[in-house]
*Asks:* 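Sharing a structure below in structure tokens format, with a few things to ask.
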2 protein chains.
Amino acid sequence: MEMRLPDVLVQADAAAGEPPLPEYDLIELLFFAYRDFVGDADRLLADYGFGRAHHRVMHFVSRRPGLTIAELLDLLRITKQSLNRVLKELIDTGFVEQRAGLSDRRQRLLFVSPRGRALALELSELQSARINRALARCEPGTRAAAAGFLAAMIDPMGPDGSRPPRRGLER
Amino acid sequence: MEMRLPDVLVQADAAAGEPPLPEYDLIELLFFAYRDFVGDADRLLADYGFGRAHHRVMHFVSRRPGLTIAELLDLLRITKQSLNRVLKELIDTGFVEQRAGLSDRRQRLLFVSPRGRALALELSELQSARINRALARCEPGTRAAAAGFLAAMIDPMGPDGSRPPRRGLER
DNA sequence: TCCATTATGTCAGCCCTGTTGACATATCTC
DNA sequence: GAGATATGTCAACAGGGCTGACATAATGGA
């Protein structure tokens, strides 16, 4: 029972000229590369009873000290309930600290503690090591090209297009 | 209470010469790019009541017709229990079909049905579109450089280094 | 032919992390 | 003082990882 491709797709193929279909290579490479990339951190995090969500919070708080809850939510694009679950654990275990905002005391400004900074650093070192091993096996200029590609893959606004530009990553 | 960096890290910094620390830009770009990349598919999958796990199975079965369970497990690096949960749903809903192996009848060879092929194609088109929009905004040669970088990021064996080479992605 | 091994299925339960919805609190701003 | 804003919290649910244990069928070698 042979199948007929939807007309839209057939046209797309015909128009593209090139191979039978799309960017399968990059699609699969992104999957494999990202999985192995986060796998490095996963193993270390398990020693502390943390998961990826904790990692992301620690990372951004470490990178942008004084971040507010709202800014963090905007960076991560998760709900406040999801964030609060892991953030509370990070605060209770002393990896993250909070202070009331200066001008607006409703805000909680987030900072990593010394322990938090150390762990965030160790995690970054792990991931940096993989990146540098990879780049060392690539031609010069790969780093800039890869960074440009990845940046161009990002939605500057949310997927709905109705969100304020993401702070800390404007280019 | 100021913190002292572990000697190892201090040495690494001093040796590297360059900025205070690691590849924060690429680390964060990978996170944002991958999140938005899979977000495209997530929205379409929700229409079918499927998740990312279903997507991955459909994708690889569509790309490598006749794949066995063992090969799929090796590609995805998840447990058979995790795989079976989503695979069963894909088979029950008629997106994936299975036939007994030719030489070894214990094996289940997996194929996408016409519906499955159509959905896999639609998902690939979504992701390809993002990739092509991104590449269109980059300099020529970016595609090859990005592919090279991502490929170099992958563990050819498992993270433990004790797994047979991943089929279908040797270079 | 019998048996160990292999390929796969399945049940049960747990964990992490995302979601929605509802409601509480403190603070700011007008 | 009143409404808007920043945040916290409780409860419930879903998706998709995991482990452990056990079942079945087919293979392949002794």
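Remember, it's a predicted structure, so these values are computed and weren't measured experimentally. Order of the sequence lines sets the chain letters (A, B, ...), proteins ahead of strands, with each chain counted from 1. Worth knowing before you read on, the calculation uses all heavy atoms, side chains too, and leaves out hydrogens, waters and symmetry mates.
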*Asks:* I'd like to know if A/R143 and B/D25 make a salt bridge, using a cut-off of under 4.0 Å between side-chain N and carboxylate O.
*Replies:*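 Between B/D25 and A/R143 there is a salt bridge, with a charged N closer than 4.0 Å to a carboxylate O.
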
*Asks:* Report the distance from atom CG of B/D104 to atom C1' of D/dG28, rounded to the nearest whole Å.
*Replies:*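 Answer to the nearest Å: 10 Å.
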
*Asks:* Which nucleotide in the list D/dG17, C/dT20, C/dG18 gets nearest to the side chain of A/T79?
*Replies:*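 Nearest to the side chain of A/T79 among the choices is C/dT20.
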
*Asks:* Please figure out whether A/Q107 or B/V86 has its closest DNA chain D nucleotide nearer the 5' end.
*Replies:*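 The answer here is A/Q107.
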
*Asks:* What's the CG-C1' distance between B/L90 and D/dG16, to the nearest Å?
*Replies:*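 To the nearest whole Å, that distance equals 13 Å.
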
*Asks:* So that I know where these two stand, are A/Y34 and B/F37 an aromatic pair - ring centroids less than 6.0 Å apart?
*Replies:*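 Between A/Y34 and B/F37, the centre distance exceeds or equals 6.0 Å.
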
*Asks:* Does A/S82 have a side-chain nitrogen or oxygen under 4.0 Å from the phosphate oxygens OP1 or OP2 of C/dT19?
*Replies:*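 True: A/S82 side-chain N/O within range (under 4.0 Å) of C/dT19 OP1/OP2.
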
*Asks:* Of the candidate nucleotides C/dC28, D/dC10, C/dC11, which contains the atom at the shortest distance from the side chain of A/K88?
*Replies:*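 For A/K88, the side-chain atoms sit closest to D/dC10.
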
*Asks:* Map B/L109 and A/A53 onto DNA chain C by nearest heavy atom, then report which one ends up closer to the 5' terminus.
*Replies:*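 Its nearest nucleotide being more 5', the pick is B/L109.
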
*Asks:* If you count heavy atoms of other groups shown closer than 6.0 angstrom to CZ of B/R99, is the number above 12?
*Replies:*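 Atom CZ in B/R99 is not crowded, with 12 or fewer foreign heavy atoms closer than 6.0 Å.
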
*Asks:* Check the surroundings of atom CD in B/Q81: do more than 12 heavy atoms from other residues, nucleotides or ligands lie under 6.0 Å from it?
*Replies:*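 Buried by this count: over 12 neighbours within 6.0 Å.
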
*Asks:* Between C1' on C/dT19 and CZ on A/R77, what's the gap in Å once rounded to a whole number?
*Replies:*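 Rounding to the nearest Å, CZ of A/R77 and C1' of C/dT19 are 17 Å apart.
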
*Asks:* Can you find a pair of side-chain heavy atoms, one from A/S128 and one from B/I27, that are under 4.5 Å apart?
*Replies:*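 Heavy-atom side-chain distance check passes, below 4.5 Å.
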
*Asks:* Is A/R106 near enough to C/dC28 that one of its side-chain N or O atoms lies under 4.0 angstrom from OP1 or OP2?
*Replies:*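 No, outside the criterion.
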
*Asks:* Do the charged groups of B/E71 and B/R64 touch, with an N to O distance under 4.0 Å?
*Replies:*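 Judged by the 4.0 Å cut-off on N to carboxylate O distance, B/E71 and B/R64 do not form a salt bridge.
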
*Asks:* Among D/dC18, D/dT27, D/dC22, which nucleotide has an atom closest to any side-chain atom of B/Q81?
*Replies:*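 Nearest listed nucleotide: D/dC18.
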
*Asks:* Check the distance between C/dC16's P and A/R56's CZ and give it to me in whole angstrom.
*Replies:*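 From A/R56 CZ to C/dC16 P: 15 Å.
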
*Asks:* So do A/I91 and A/F95 actually touch side chain to side chain, heavy atoms under 4.5 Å?
*Replies:*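 A side-chain contact under 4.5 Å is absent here.
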
*Asks:* Give a yes/no answer on whether the side chain of A/H54 brings an N or O atom under 4.0 Å of OP1 or OP2 in C/dC16.
*Replies:*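 It does not, given that no N or O in the side chain of A/H54 lies less than 4.0 Å from OP1 or OP2 of C/dC16.
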
*Asks:* Measure from the side chain of B/I78, starting at C-beta and using heavy atoms only, and say which of D/dG17, C/dT17, D/dT9 lies closest.
*Replies:*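 It is D/dG17.
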
*Asks:* Taking the inter-plane angle between the rings of A/Y24 and B/H59 on a 0 to 90° scale, is it parallel (under 30°), tilted (30 to 60°) or perpendicular (over 60°)?
*Replies:*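 Judged by the thresholds at 30° and 60°, the geometry between A/Y24 and B/H59 is perpendicular.
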
*Asks:* Give the rounded distance in Å between these two atoms: CG of A/L72 and P of C/dG18.
*Replies:*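 Atom CG in A/L72 sits about 11 Å away from atom P in C/dG18.
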
*Asks:* Measure the distance from CG on A/L73 to P on C/dT20 and round it to the nearest whole Å.
*Replies:*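 Result: 13 Å.
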
*Asks:* Could you give the angle between the helix axes at the two ends of the helix from C/dT1-D/dA30 to C/dC30-D/dG1, with five pairs per end, rounded to 10 degrees?
*Replies:*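 For the helix from C/dT1-D/dA30 to C/dC30-D/dG1, the axes at either end differ by 20°.
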
*Asks:* What is the separation between atom CG on B/L83 and atom P on C/dT10, rounded to the nearest whole Å?
*Replies:*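 That distance rounds to 12 Å.
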
*Asks:* Starting from P on D/dC18, measure out to CZ on B/R85 and report it in whole angstrom.
*Replies:*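 For the pair B/R85 CZ and D/dC18 P, the rounded distance is 10 Å.
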
*Asks:* As a test of reading the structure: which of D/dT5, D/dT7, D/dC10 is closest to the side chain of A/I69, going by heavy atoms?
*Replies:*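 Given the options D/dT5, D/dT7, D/dC10, the side chain of A/I69 is closest to D/dT7.
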
*Asks:* Could you check which of D/dG16, C/dT8, D/dT7 has an atom nearest any side-chain atom of A/R108?
*Replies:*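 Nearest listed nucleotide: D/dT7.
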
